[in-house]
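The next block holds one structure in the form of structure tokens; read it before the comments.
So that the names make sense, note that chain A is the first sequence line, chain B the second, and so on, each numbered from 1. These numbers were taken from a predicted model, which means no experiment stands behind them.
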There are 2 protein chains.
Amino acid sequence: MGITKSDKFTNQQNDLANLFKALGHPARIAIIQTLLKRQACVCGDIVEDLPLSQSTISQHLAELKKVGLIKGTITGPSVCYCINASAWAKAKTEMDKIMSVLIKTPSVC
Amino acid sequence: MGITKSDKFTNQQNDLANLFKALGHPARIAIIQTLLKRQACVCGDIVEDLPLSQSTISQHLAELKKVGLIKGTITGPSVCYCINASAWAKAKTEMDKIMSVLIKTPSVC
DNA sequence: AACTTTTATCGTAATATTACGATTAAATAA
DNA sequence: TTATTTAATCGTAATATTACGATAAAAGTT
């Protein structure tokens with residue numbers, strides 16, 4: 001059918017998947033890197049940096065904002081975006097939780 | 001258009017995005033967790049554990065295998081899947097590289 | 001008020017993903 | 001050889017994502 005059966009999985013599984021999914025596009029990785037590079041992080045700056053149209057960038061920003069990894073503050077006519085450090089810390093904790101076990105798992109086959 | 005412009009981004013950005021993307025589905029998170037729980041990790045066991053059909057599970061396994069996070073060994077008529085610990089270690093290193101900077105980034109706005 | 005700048009949203013088209021049943025292929029068992 | 005078992009692949013339909021141009025909305029400027 002093509003619809004992801006979120007209801008069949010736990011909240012923990014869905015949340016973690018949504019977090020990974022938000023980072024599962026090169027443009028969104030690039031946006032994060034741009035936000036790191038520039039301290040002043042106006043939307044227009046990102047559009048200048050990336051080879052995508054303004055509307056597409058806006059969509060990607062919305063997805064990152066949806067999972068809370070970035071936040072945007074309206075400053076006059078423009079919007080200042082930046083990393084939401086506390087959300088990243090929380091995300092890292094969740095990822096580390098599963099990752100630290102995984103790297104220690106012996107390969108049985 | 002709807003096609004991801006991979007060619008416009010760096011290999012590092014594409015690789016990292018592909019890694020995250022592979023983990024961006026609750027079924028694939030669940031599969032990883034099943035592989036952790038059971039040491040013997042025959043495909044059929046996973047199908048029993050998850051509320052998805054055999055063919056769908058097989059597709060998800062293929063995606064995880066594509067990015068190298070799991071490996072499968074043919075043992076008779078069945079296939080034994082398991083975590084590829086070294087690939088996870090590499091993935092964790094890549095993720096940590098960007099994550100550790102992010103959690104220290106002050107929120108300017 | 002009229003204009004400009006900036007970003008979000010709308011409408012759309014193209015591609016990708018998800019899911020399932022049916023079939024195939026490969027190995028074992030009878 | 002002929003089943004049987006197991007997993008991958010094929011065919012398909014439905015939904016989601018990606019991307020863009022055009023338009024709208026909101027704030028500042030003249």
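- One atom, CD1 of B:Ile57, and another, P of C:dC20, lie 9 Å apart when rounded to the nearest Å.
- In this structure, B:Ser53 does not reach the C:dA19 phosphate: none of its side-chain N or O atoms is under 4.0 Å from OP1 or OP2.
- Listed candidates were C:dT9, C:dA22, D:dT6. Nearest to the side chain of B:Val42 is D:dT6.
- Nucleic acid contact for B:Lys8: none, since no nucleic acid atom lies under 4.0 Å from a heavy atom of the residue.
- At the heavy-atom level, A:Ser58 lies under 4.0 Å from base atoms of the strands shown.
- Along DNA chain C, the nucleotide nearest to A:Phe9 and the one nearest to A:Val47 differ in position, and the one closer to the 5' end is contacted by A:Val47.
- Applying the 4.0 Å criterion to OP1 and OP2 of D:dT17, one finds that B:Lys21 has every side-chain N and O outside that range.
- If you check every strand for non-hydrogen atoms under 4.0 Å, B:Leu52 touches sugar and phosphate atoms only.
- Of the candidates D:dA8, D:dA19, D:dT5, the closest approach to any side-chain atom of B:Pro77 belongs to D:dT5.
- Distances shown here put a side-chain N or O of A:His25 below 4.0 Å from the OP1 or OP2 atom of D:dA19.
- Comparing D:dA8, C:dA19, D:dG21 against the side chain of B:Val79 picks out D:dA8 as the nearest.
- Residue-level contact check: A:Ser78 touches the backbone only, with heavy atoms under 4.0 Å from sugar-phosphate atoms and none from bases.
- When distances run from any side-chain atom of B:Cys43 to the nucleotides D:dA8, C:dG21, D:dT18, the shortest one goes to D:dA8.
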